[in-house]
Each structure stands twice: as structure tokens, then as C-alpha cells.
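Report on one structure; see the data block that follows.
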Amino acid sequence: MERILEAKRLKKYYPIRKIGRRSYVKAVDNISFSVEKGEILGILGESGCGKTTLGRVITRLETENGGDIFFLGNNISGINYRKMKNFRQKMQVIFQNPYDSFDPRMTIIKSLETPMKLLNIGQSKKNRIEIIRDAMEKAKLTPAYDYLERYPHELSGGQLQRISMLRSMLLKPSFLVADECVSMLDASVRAEVLNMLLQFRSELETSILFITHDISVAKYMCDRIMVIYAGKVMEIADAKELISNPMHPYTKALISYSPTISPQKERERFTIAGEVVTPIDPPPGCRFASRCPFAKGICRTEEPEMKEISPGHFVACHLID
Amino acid sequence: MLNMPFMRLKKVDISYKLENASVKAVRSFSCDIEKGDIVGIVGESGSGKSTLALGIMRLLPPNALLSAEIMSFDGKNILNLNQDELRRIRWKEISIVFQKAMNALSPVHKIFTQMYDVITAHSSDIPKGRAYKMLTELFGKINLPSKVLNMYPHELSGGMMQRVMIAMSLIHNPKMIIFDEVTTALDVITQGQLLDEIKRLVKEFGLTAIIITHDIGVVNEVCNKVAVMYAGELLEYGRVKDVIFSPLHPYTKALVKSHPDLRIGNELIKGIPGSLPDLTYPSKGCIFYPRCDVRLDLCKDVKPKISVLGDHIVKCHRIQG
Amino acid sequence: MEVQTEVIVTRRKGKNIIKFWHNYRQSLYGLIGFVILLLFIVVAVFAPIISPYDPHAMKGEVLLSPSISHPMGTDHLGRDVFSRIVYGTRVSLSVGFIAAGLSAIIGIFIGSFSGYYGGIVDEIVDKIVDTFLMIPAFFLILIIVAIFGNSIFYIMLVIGLTTWPQNARLMRAQALSLRERTFIMVARATGESSIRILFTHIIPNGVYPVLANTALQMGGAILTEAALSFLGLGDPNLVSWGKMIYQARPYMTFAWWTVVFPGIFIVLAVVSFSFIGDGLQYAFNPKLSVKQKEVSA
Amino acid sequence: MSGFIRFIIRRTISIVPMVLLIVLINFFIIHLAPGNPAQIISGLEQPSREVIKALEHRYGLDKPLVVQLGIYFKNALKGDLGYSYIYSEPVIDLIKERIGATLLLTLTSAILAFVSGTFLAAWSSRYKKGILDSILSILSYVLYAMPSFWLALILILIFSSNLRWFPTAGMFNVRLSLHGFARFGDILYHLFLPVLTLTLIQIPVYFRVTRSSIFQVSRDEYILTMTAAGLERKKIFNKYVLKNAILPSVTIFGLTLGYAITGAALVEIVFAWPGMGRLMLDAVFKRDYNLLLGIYFVLAVCICIAILLTDIFYAILDPRIRYK
């Protein structure tokens, strides 16, 4: 298998100004993972856990404070803007808010054509417009001109998100970061967008980093899932394995609290207390210790190592041997 | 009014007057709610569910027009009450918890001040000391520390604020509470904790509740009945196990099919093509006609009647009751 | 196909202007202000035709009260007040347009650069802007004009150079919020250069509050020029409304018209610009985000 | 509470660069102005060679520009603003004599405008879109557009020249030497028209800000909550809408002081009020740059302090601010 992207010990700290001493939000703290060709890796976590920051560091919208990112065999960490231009086409990103993904003063066609022009795709404007039209028709956004001449505010969220995906896919990227790309959409449109993403994956063999807070969506979309909490990886495993056999208490809680439409109603809750913590100058030990019902002394003093408990299933927890 | 149910809504219409159009947000909504029910009103954005909640509370903005055949609650007609009578019913009989808890309290007043004002709005002769004791007790029931009373809203997390709002809704022991998307902005675990809390409180206080949500998973977790709304109309109403596990209306069926679920096998989810109809136009036939995959010719021009199958209500030409 | 798109784009652009006007009309004040301003422009352009007398001619009798031959009377040197007011329009309008225009251009550039790039430069700009906003610009203008000279160009230049911080602050706030918007992220992720982003996305999307404010600043510049003239610091070679009041003040108690009329015209001009600012706010109020609101609601 | 004290300290520190910036502006103006800086500082038309030498030494004018700037800073912060050429007195002493009268005028009118503007906004918001609201709104545009000096002249024309209700000029009647309460009354009597002028031109700012803020706050979610909870409308307005709606006008109070003090200077000239305005006019006419710059510096510092005070007041009203 071809390795598309590898992140090694990535760090992103945000300073908080206070009189006296400096504090840091350790939004991404020593996170390592890799994505193979055509694979969808889910990044699962609650708000403020660092998943969006992780996506932005990888796509070079933010600069990391440490660690390395290898993309198609090149180290792109700390790379400057000009050099990154060579990778832009190969690495694309889709954001959460479809309504805001297009310049409100530009027609859809202009928003679609500009990146192609900048990255030298298509020989002429005419050619590019043809490519766009064909792609639109293939994505069942027909008749294409009905959409292309419009301004973003004239379209619905589902339509915009599909066009937004199209915009990325026209560049034929080998890697795509989808940052909460369905969280603002209604259930009925959400499925269409997810399926479109799956279709792209199978057609272009694009690897996808699928960032989400919804474990049900992650299960539907991903080959592997990485669970993060307060800037740290808690567990990483094959999607089916993670959901059927969660090891980390946090993963167990996430699964237990996730609403379902299955008939067996009276399940046993794996209850935990408290709310998500922001990792501001986090104390030593496991980040989850303050909420973990099983936390022992060691959990508060020593950081747990990643352990491979079965092939491909890694957990960071002191309680698991 | 002996055989009247606890709450009866019959042919409720709500429209908003805009500059040069009028939006029919709720159309001919009818349903009965029995004492002790937890009714989920589920629908996507634009389905009119939140407008309906405001209509029941008679809290609609001045540009909204409300009309109904019957709107009764606990033997009282709430359609014809004047402002003063309404004021006395609000919170004593029905209270509401809004989605955006962070904005639901004044940012420059302490929580106790606001709680105390709510107390004195209906029972003016309670001294502060007693109110404080009463609130401490109430907060205890919702797992809120009493020190929260002396804090300002911005000092609390989203989950905490939502608890505060629930506590506030309980102050005058109302008979019914409407929860309007109360968990939408919250993380999965916090949402789960809060839903558990709501379930417990409804039992403990002998409440009747309406839970408005876009997530059928949430409905399945807490409700015993569910009303499915689409573009302002009620399409299906009945017990949760009937409506979700053996839906009759094509829309409900599609909605269930578009829901990725953790505990149900890995089948393909499907979206509903098309988008919401323009609510500024009156619809002649079935409101779901343009997106329905099993539509009949009849559906285009003839409004389906409500079919009653025991306690399961459906509005579809294909179902005969 | 190319042609077809082009046609469509221009058609849409035309529509935008119509839409802009449609929104602008929503404000009655805006409409009135627009009409008054048009009248003022006509008066300024055709001053020699409109004014019945030479504004500098000291022919008439001294301090005549308003009559048919002198609708606004004459001043202490026997000059026709109405004719002087007509010529004064030229000074006021050009001060308004040029000074506020300069202020807008400087403000837009400094504000958008500083807001979009951020960092230490932004912090310094922010402090400077804050300081300028707090301290009365009028005194600084006064000092500079008193020291360096009081030709009308100087006055316009100095007003422009001292009032840009307001615009810079508005533009900076816009740039700061636009910077976090998704479509800017998209532009960055698809490799658009910073300069390109600044000129094709940030400025076109964020410039509206500055434009509305510029209308207000035009009025402000007129008031500033009037105040300078009232202190005797106006351009010695031109007729301006403020200067008329300054010169007429000693005779005010027995020739009210020499003071009252120029003042009324100052008020009228400034009000018309404020009204236009009001109209622009209506026109620019982006209803583009309506759908977004619906989703979050 | 320690958060609050930290906030005050932080705000106070943040004033420092502003004061430094003002000094910097002054310094550059002196050096860019036509003529010799030493001559300007001396306040003399043709100072003797010795005087120039002495001043050059004292202000380090023979040293490099950076050193000069340092010395200038030190002197300005000590209150040494040079000599006035028309009065041959230290600038700081001239200002000290008159600043009281100016501040009396400015602050009285600013506070009155704040109170009445807010009150009018609250009052007119009850009759939204009615005739009263429209009249007040148009009036606010007109008053906003009015040059302060012209309004002052008009008021004199009406109330002093024609009706003879109020004096045209001065701060007290020089012919009577009143004491105690009578003197206080006399000052109030003289204060009336100037304060009225300044209050009127400032009301629109507060009126408009508060009005739109009331409109906005009324649509906030917590007002809906309070209505749903069955609170009386009047109580909601008086307690919740007003306190939240007043916050923006408190913020602009500090920022508007600059505008107020400009108006005050012009109005002082019209009413011959013995404040800094008169001093400024003299300085302009006789080209007394040193005095002008001194006035500018002192006014700027006063405004900085006033803004600091409003910030602190704001923080008391709005609990959110301390934690930002």
C-alpha cells in the first residue's frame, strides 16, 4: 500500500496572554498517524478536542509548533507558502459551513474556475468551463448552468456542499481533508453528500481525512477511526473493531451516549461525568483522567503510552494491558 | 370539555408576513397530547417545528399570524387569552427551554437575580432568602452546584447553562415543558447526560413534555410519541415504536433511511433528492409530492386527508385509514 | 460557451446595480439625502449661472435685509449673501468629497492590510488608530493648518490625513472577521496568493461599512472646514460658508440673515450626507447571509 | 475581584503608548514647522543668542534627533511644555488657570447629553415608527449636522439679544463680586447657554446609539425567555433591556469626549468663556505654536484619563469584560 500522508508527533500550541506567565492551549499534542492511498481515516472527537486544528495544520492553513508531516514522500512541515503551491492541487480541503464556502460576491462558475486557473488545469477558460459542466452533470447537479450562473445565497446548503466538494475534486487531489463537512446539513441532504464523497474516493482513489464529532457518521464513512480527546489520541483502530470492541473508557462513553434508532432501547449507559476540558496547561498524566470513572493514581501522574492490543488497534490507557 | 385530551391542537396555521410575501411556516397542524406524554416533534430546518413551539407559547413575533380551530391546554382555551392572562399562564402552566442557552439569560445580571425575578413574576411575596434556599434545592435535583446562582451566564459552559435553563423552567412546577432543540449545540456526551436528566425529571415532576429536535435518534432516546413535520405540515404522528420502526409515510421512511446508525448494520444510507418547497406559495397537493419516490398522480393536486390507524396518524394518499 | 458565461456575468452585474438601488430606496432618508446632494452638485457646477451677483462685488447697500432683489440680504460689505452661499457650495462639496475620499482610500488600505496580515504590524496600527480616534482630530488639524498654511488643498489634505483611522478601524474589523470566513480558507487552500485574496475577496466584501462611513465623513469634513474658517483659518481666497459666519459675527445682532443662512446651508449639506450614509447602510446590509441564519435558527 | 484590579492595571498600562504617541506627534510638528525649534520653545520672536544657546542645551537641540526626542519626552511628562510667546509665561501655567472652566463645560454637557440622549431613546422606542419617533429621529440628524459655534450664535440671537434671558458672555458677572451660594448661582446662570449648546449637539450620538441598541436588545433571546417566563413587560424593559442597551453608549462616552471638547473650544470662543478655547484662539492668531501644542497635549492626556475612567465604569456594568 502506498502511504499518502504521515504525521509524526505533531504539535500545535496556542499561547494565551495573561499578566505574569504565559499559558498554552495544547490543541494538538504529539499526534501521529498515517493515511494510505484510498483510505478514509476518521478523526473523531468533541468540540475543542483539537480535531479542526489538526486538519488545518495538515493543510498548512496553520503552522505547527513541532513534528513532521510527510506528504507524498516530501516533508512539508515548516514549508513556506511558495513551495506549498506545488502541493495545493494534490491536497484539498472541504469545510463545515457550505453557506460560507463561496465568496458571496462571485457566481458559482467564478468560484469553481478560479482555482483551476491558478493551478493550471484545463487549457483555456472555455475548456475549464466544459470540464466543470461535465462534472456538474455527473454529480447530478443539472442543468449545470442553472447552478453555475447563480450566487451562493441562491442555493441550498446541500447543493452548496456538493458543489464545494466538486470544486476540490476538479483538482483531482490525492488527499482530501473533510472538516465536519456534514454537521450543518439536514439529515436528508447529509446522506447525499456522504455518498458523493464515497463515490469520489472509489473513482479517484483519493485518501480522505474525515473529521467529525458524530460516531455514527464516522462508522458509515471510515476505514479506520482515531479518537482524540483534549489534543491527545485516545484510541485508533479499524472502524468496525473500534465500535464493536472499544477499549478506551472515553470511546466507550462516546458510543454509549450516541443516540440511536435501534429498537433495543434499554441499554446500559456507560456513564461519565463532567464536560469536555480545554487543554490549557494540562496537568501531567492522562488527559481523560479527570472524568474517567476508573482513574487510578498512575493516570494522574504518568502519561499513558500507545499500546497495540490487537493488530492495528492502539489504545492509550493505563488500565489496559 | 370532559373528553378533551391534555393538549389539543387543531388546524393550527402560522404565517410570517414579509415585505412582499407571506411565508406559511405551519400549515393545518393538528395533534393531541395526553398527560404524561413525551412528544418528540421531529423535522428538518424549515419544517416549522420551532415556530409551532413559539405559537403554543403565544410568543410569536409581531409579524406572525396565528390562527387555529382549537388550541386548548388542560381544559383552557389558549387561543383567546389576552396578554395578561397569557402572562399568568406562562411558566406557571407551560414553560419553554430554548436552543441557545448561552443567549437565553441576560449577560449582565447574575443568575440568581434573574431566577428571583422569574419567581416573583408569579408569587410576589417570597423573600430573597427563601428563594435562595428554594433554588439551591432545585439546582441540587439537576446536579448543579448552588454556587452557580452567584455567577454570570458567561462563566458557565454550554451544558451547565442548559441545566440552568431547565432549572428555571421548573421553578413554578409547570404542567408542561417545551424543549426546543435543547441539545443541538452540545457535544454527544453532554447531550446524552442532559437527555437522561430530562427523562428523569419528567417522571419525577409528573410533567408532560414536547421535545423539538431534528434528530430522530434523540426522539428514540427519550420520547414515547413522535410527530414528523415537513415544510410546516404534520405528516405522521404516533408512538415512537410505530413511527420509527414501522413508518408509513414515505418521508418518514426516507428520513429513517438517511440516518447513519451505530447499532444498525452497515447498510447504505440514502438521501432525499430535491429540496424544501418554497413556503411562500400555497401547496395544492401533497407537500412532499416533489420529492416523493412513490407518488401517485393524485398526489399532485389533491391534499391527502389524515388517516387514523388506532393511535397512528398518517397523511398520505397511499394509506387508507 | 465562453461568450455565454460572459454575457451572463455582465447581466448579473447589471442586476446587482438595480438591486443596490432597490435596497437603497428602502430608506426614505437615503432618498431625500440623494436628492438634496444632487441639487447641491447642480448648484456648485452652475454657480456662475445661478448666482445673481458676483460674490465678491461690493456693489449693493450694506446689510440689506432679505428682499426680492437680494433673497438672503447683503453683508457688511454690501455683497449678496445668496450669491456667496452659491459659491460656497463649491468649497464645501469639494472639501467633503476630496478629504473624505482620501481618508477612505488610506483607511481601506491600512485597515485591510493590518487586519488580514495581523501580527506585530497590526498591533502597532491598532494602537495608532486607537490613539487617533480618542484624541480630537480637529485640534491636530487646527495646529497643522495654523503652522503650515491654510490653502484649501492643504485643508483637504490635512483632514484626509487625520481622519483615516476611523475607516482603518472599520476595514480592519472587516478584514479580521473575513479572515476567519470559510471562503477565505478555501482561497488559501487552493493556492491564491495573499495579495490576490486581499484585493479580490477581503476588500470587495468588507468595504461597505467604510463607504457608508465615508458619506458621514464627507459631512464631517464640511463641518471641520466651517469650524476652521470660523476661527479665521479658512482659505483667504475663497468664499466659504464658515468664513461668511466668521465675518458676519460682529453684525449678527442687527443682521441675523448674514449668520443664519450660511449656517442653514451647512446643516443641510451635512444632513444630506448623513442621510446618504443611512441609505447606504440599507443598500449594503448584506441579505446574503439570510439562509445561513435560517440554518442556525 | 483580583481579576478586576488586574483589568484596571492592564487598561492603565495601555494608556501609556497613547500618551507617548501624542508627545511624538508634537515633537515632529515642532521639528517640521518653519523656523528654529529653539525659537518656538522660547516663545520669543527674536530670542537672543544666549537664550537660544541655553534652550538648545536644556532641550538638547544640539544633540542627535533621537536624544532630543528622549529629552522632549522627559520634559513633556514632567509638565514642562515650554514658554508661551504671547503671554511670556510657561505654557503649563496658562493651561492650569483655564482648564477648570473648560472641563466644567465639557463634562457637564457630556453627562447631560448622555442622560437625556439615553432617556429620549428609551422614551421614543416605546412609540416605534410613530410620529414622535420620526420627529426625534430627524431632529437628531439636524442637531448632529449643526456646527457648535453656529448653534451657539443662534441661541445667543434668540435668548440673549432678543429675549434677554441669559447673558451673552463670560463665566460670571465681573461687576458684582458675589460669594458662596450666590456666586455659584451666577456661574450656573452663565453656564446655561454654553452647556445647552454643547448638550444639544451631543444628544444625537447617544440618542441614536441607544435607540438602535434598544431595538437590538429587544430582539435578543433573553428578552424572549423573560417574556416566556411571564415577567411584566415594564419590568423586562426597565431592568433587562435598559441595562443591556446602555452598554454601547457607555463605551462611546469616552470616545465622544474628544468631539465634546472640540465643540467646547468653539463654543467657549462664542461665549467668551474663560477656558482653553479662548487661549487657543489667541495662540492661533498670534501663531503661538508652543501654546497650541501644549493645549493639544494636555487635552489629549485629559481625554486618555477620561477614557480610562469610562472603561472602568463599563467593566463594573458588564461582568464579561474583566475576563477578556
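The chains referred to below are lettered A, B, ... by the order of the sequence lines, with proteins before strands, and numbering in each begins at 1. Everything quoted here is computed from the prediction, not taken from an experiment.
Shown here for A:Lys219 and B:Leu262, the closest heavy-atom pair between the two residues is NZ-O, 3.2 Å. Closest approach of A:Ser258 to B:Glu221, counting heavy atoms only: O-OE2, 4.2 Å. Residues B:Glu44 and A:Ser188 come closest through the heavy atom pair OE2-OG, 2.5 Å. Looking at every heavy atom in both residues, A:Ser216 comes nearest to B:Pro260 through CB-O, 3.4 Å. Among all heavy-atom pairs drawn from B:Gly192 and A:Arg269, the shortest one is O-NH1, 3.6 Å.
Ranking B:Asp215, B:Asp196, B:Val256 against chain A, the residue ahead of the rest is B:Asp196, based on heavy-atom pairs under 4.5 Å. Contacts with chain A were tallied for B:Pro273, B:Gly274, B:Gly158; B:Pro273 has the most, counting heavy-atom pairs under 4.5 Å.
Rounding to the nearest 0.5 Å places CZ of A:Phe270 at 9.5 Å from CD1 of B:Ile189. Between the OG atom of A:Ser244 and the CZ atom of B:Arg263 there is a distance of 12.5 Å, given to the nearest 0.5 Å. Atoms CG and CD1, from B:Asp261 and A:Ile215 in turn, are 11.5 Å apart once rounded to the nearest 0.5 Å. To the nearest 0.5 Å, atom CG of residue B:Leu268 and atom CG of residue A:Asn195 are 5.0 Å apart. Rounding to the nearest 0.5 Å gives a distance of 11.5 Å between CZ of A:Arg190 and CD1 of B:Ile272. We find the OG1-NE2 distance between A:Thr260 and B:His259 to be 7.5 Å, quoted to the nearest 0.5 Å.
Only the side chain of A:Leu194 comes within contact range of chain B, with at least one heavy atom under 4.5 Å from a heavy atom of that chain. Proximity to chain A involves both the backbone and the side chain of B:Ile216, based on heavy atoms less than 4.5 angstrom apart. Contact of B:Asn143 with chain A is not made at all, since no heavy-atom distance falls under 4.5 Å. Interface remark: A:Arg291 contributes side-chain atoms only to the contact with chain B (heavy atom separation under 4.5 Å). Looking at A:Ile243, only its side chain comes within 4.5 Å of chain B, counting heavy atoms on both sides. With a 4.5 Å cut-off on non-hydrogen atoms, A:Ala218 does not touch chain B at all. Only the backbone of B:Lys270 has a heavy atom closer than 4.5 Å to any heavy atom of chain A.
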Would you check, one step at a time, whether the test side chain to side chain contact (heavy atoms under 4.5 Å, CB included) holds for B:Gln191 with A:Tyr257? CA-CA 8 Å; B:Gln191 163 176 295; A:Tyr257 276 110; over 6 Å; no

Tell me, with the steps shown, if A:Asp186 and B:Ser45 meet side-chain hydrogen bond (donor to acceptor under 3.5 Å, both in side chains). CA-CA 7 Å; A:Asp186 276 319; B:Ser45 50; 2.5 Å; yes

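Using a 4.0 Å cut-off between charged nitrogen and carboxylate oxygen, A:Glu192 and B:Arg291 do not count as a salt-bridge pair.
Contact of the B:Asn220 side chain with the A:Pro259 side chain is not registered, since no non-hydrogen atoms from C-beta on lie closer than 4.5 Å.
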